[in-house]
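Right, one structure below, let's go through it.
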Amino acid sequence: MAEKVYIFDTTLRDGEQVPGCQLNTAEKVEIAIALEELGVDIIEAGFPISSPGDFNSVVEISKAIKEPIICALTRAKDIDIDTAVAALQFAKHKRIHTGIGSSDIHIEHKLKSTREQVLEQGIAAVKYAKKYVEDIEFYCEDAGRADIEFLAKMVEGVIAAGATVVNIPDTTGYTLPWQFGDRIKYLMNNVKNIDKAIISAHCHNDLGLATANSISALANGARQVECTINGIGERAGNTSLEEVVMILKSHDLGLETNINAKNLYSMSQMVSRMMRMPVQPNKAIVGKNAFAHSSGIHQDGFLKNRENYEIINPADVGADSSSIVLTARSGRAALSHRIKNLGYSLSKLNLDELYNHFLELADAKKQIEDEDLLKLLKHADLLKK
Ligand code: KIV
Ligand code: ZN
């Protein structure tokens with residue numbers, strides 16, 4: 001039987017940190033409801049100490065959501081934890097996400113502290129939060145660049161203090177997939193109480209490796225992935241939820257999620273619209289071109305059998321059917337297909353004639369639309385069904 005991977009969605013926290021993506025409380029609640037329908041296990045609803053608006057969003061999301069765990073972010077400080085506990089008061093299932101820097105660069109240059117002090121502060125934060133909330137996740141910030149032995153010590157210490165989930169963030173998106181996987185493997189093999197907690201991967205996309213690093217973490221024992229819709233997030237973004245889900249569906253890694261993949265496309269459109277953040281056309285799974293075929297060779301192969309050029313059926317992610325885009329690189333098979341879709345059927349001779357006119361127009365115009373095809377048919381006197 002496949003093992004469960006917990007999907008921790010941070011669109012409303014790490015995703016919402018992106019300049020220009022800020023949402024009001026009502027919009028956040030709307031997205032949270034859609035995330036619940038999508039089937040995410042945990043919704044990171046915000047960072048309550050950061051602003052009264054964020055606090056209020058966590059309160060309202062907590063009231064609106066029934067199934068997923070509602071998570072609130074804190075620093076390893078009592079005041080942050082108190083504020084998060086208050087914001088989560090109405091949550092049916094709640095989690096505090098606290099943590100501190102774990103790399104020497106963060107410890108020395110950001111926290112102006114020492115390894116011993118951050119370890120002590122992290123453990124104290126878990127113990128403090130545990131007095132109010134049972135489910136405590138601890139993040140070892142910048143774990144991708146931390147000394148691995150110190151990281152293992154931190155993970156062991158916070159689990160002993162009561163952490164139920166330990167987040168290993170590649171905060172700067174620095175690691176390569178096998179390096180990140182090796183970090184997880186090291187922790188699985190060297191932290192003696194590791195079986196008492198779930199290990200989580202939180203990867204950033206600075207080198208375009210967030211999804212690959214998250215999958216590598218799963219292959220080495222992590223069982224929770226932190227991700228966002230459309231991969232939005234600080235700088236180059238976070239791991240993209242839709243990519244992780246469809247990778248686990250497309251490959252038999254013995255792992256599964258609870259996500260209703262058919263909601264992925266509408267969820268992506270909703271987040272893009274509400275956060276005013278367009279989805280790049282070539283974005284895997286949810287981009288406008290993810291199921292579009294434009295070169296003659298691909299179109300011909302696709303029309304013979306979809307699986308020649310598609311590993312995912314667009315219907316499986318709730319996207320419109322695949323599209324055949326007509327450009328100067330398209331062949332007769334694609335032209336004939338689109339003409340048939342308009343309700344016309346041409347003899348081979350007529351198709352050859354039309355194809356020559358089509359190429360002339362396609363060289364002049366980037367993309368040929370249905371109106372152009374109708375004009376071409378009319379011009380060639382082929383407008384009879
Ligand atoms: O990237 C990161 O390290 C984070 C933590 C706050 C979890 O977002
Ligand atoms: Zn992050």
Side-chain angles (χ1 to χ4, degrees), residues 6-19 21 40-51 54 58 69-77 80-81 83-84 87 95-107 109-111 118 121-122 125-126 129 135-146 150-151 154-155 158 163-175 180 183-184 187 197-214 217 222 224-241 243-244 275:
Y6 292 88
I7 296 292
F8 176 114
D9 181 276
T10 184
T11 306
L12 296 174
R13 200 277 297 169
D14 226 340
E16 211 248 356
Q17 286 174 207
V18 175
C21 282
V40 307
D41 300 288
I42 302 107
I43 295 174
E44 188 163 49
F47 183 14
I49 190 99
S50 67
S51 75
D54 222 33
V58 176
I69 296 169
I70 306 302
C71 179
L73 186 77
T74 80
R75 293 166 296 179
K77 292 181 182 232
D80 285 31
I81 295 169
T83 311
R95 178 180 294 178
I96 299 267
H97 189 190
T98 191
I100 198 161
S102 64
S103 67
D104 288 334
I105 187 156
H106 274 217
I107 294 170
H109 302 291
K110 185 180 119 165
L111 302 165
V118 295
Q121 193 177 336
V126 173
D135 189 2
I136 307 296
E137 173 164 341
F138 186 87
Y139 61 87
C140 311
E141 195 178 5
D142 202 21
R145 295 188 296 174
F150 176 67
L151 183 63
M154 187 178 250
V155 172
V158 296
T164 41
V165 180
V166 184
N167 178 6
I168 308 299
D170 186 19
T171 304
T172 55
Y174 172 71
T175 60
F180 196 61
R183 293 200 148 231
I184 303 294
L187 297 174
I198 291 173
I199 295 299
S200 182
H202 176 114
C203 299
H204 279 267
N205 207 29
D206 300 66
L207 293 172
L209 292 170
T211 298
N213 286 346
S214 301
Q224 178 178 284
V225 173
E226 310 203 356
C227 41
T228 59
I229 302 296
N230 300 334
I232 60 164
E234 284 276 357
R235 307 181 307 279
N238 287 59
T239 301
S240 145
L241 180 148
E243 291 172 12
V244 170
M275 290 192 156

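None of these values were measured; they are calculated from a predicted model. In listed order, ligands and their atoms are each counted from 1.
Only the side chain of His204 comes within contact range of ligand 1, with a heavy atom under 4.0 Å; no backbone atom does. Here Thr10 has no heavy atoms under 4.0 Å from ligand 1, in either its backbone or its side chain.
Counting protein heavy atoms only, atom 3 (O) of ligand 1 is closest to Thr171 OG1, 2.7 Å. Among protein heavy atoms, the minimum distance from atom 4 (C) of ligand 1 is reached at His202 NE2, 3.5 Å.
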Trace of the side chain to side chain contact (heavy atoms under 4.5 Å, CB included) decision for Glu44 with Arg95: CA-CA 9 Å; Glu44 188 163 49; Arg95 178 180 294 178; over 6 Å; no
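Applying the 4.0 Å criterion to heavy atoms of Asn167 picks out, from ligand 1, the atoms 7 (C). Proximity to Glu141 (heavy-atom distance under 4.0 Å) selects the following atoms of ligand 1: 3 (O). Proximity to Asp14 (heavy-atom distance under 4.0 Å) selects the following atoms of ligand 1: 8 (O).
Applying the 6.0 Å contact sphere to CZ of Phe150 captures more than 12 heavy atoms from other residues, nucleotides or ligands.
Partner His97 forms a side chain to side chain donor-acceptor pair (under 3.5 Å) with one of Thr74, Thr10, Asn167 and no other, that one being Asn167.
Within the 4.0 Å heavy-atom shell around ligand 1 one finds Arg13.
Taking the Zn ion (ligand 2) as the corner point, the angle from His204 atom NE2 to Asp14 atom OD2 is about 100° (rounded to 10 degrees).
Remark: the Thr171 side chain and the Glu141 side chain contain no N/O donor-acceptor pair separated by less than 3.5 Å. Asn213 and Thr175 share a side-chain donor-acceptor pair at under 3.5 Å.
Taking a cutoff of 4.0 Å between a charged side-chain nitrogen and a carboxylate oxygen, Asp142 and Arg145 qualify as a salt bridge.
Heavy atoms only, all atoms of each residue included: Thr211 and Ser240 are closest at OG1-N, 3.8 Å.
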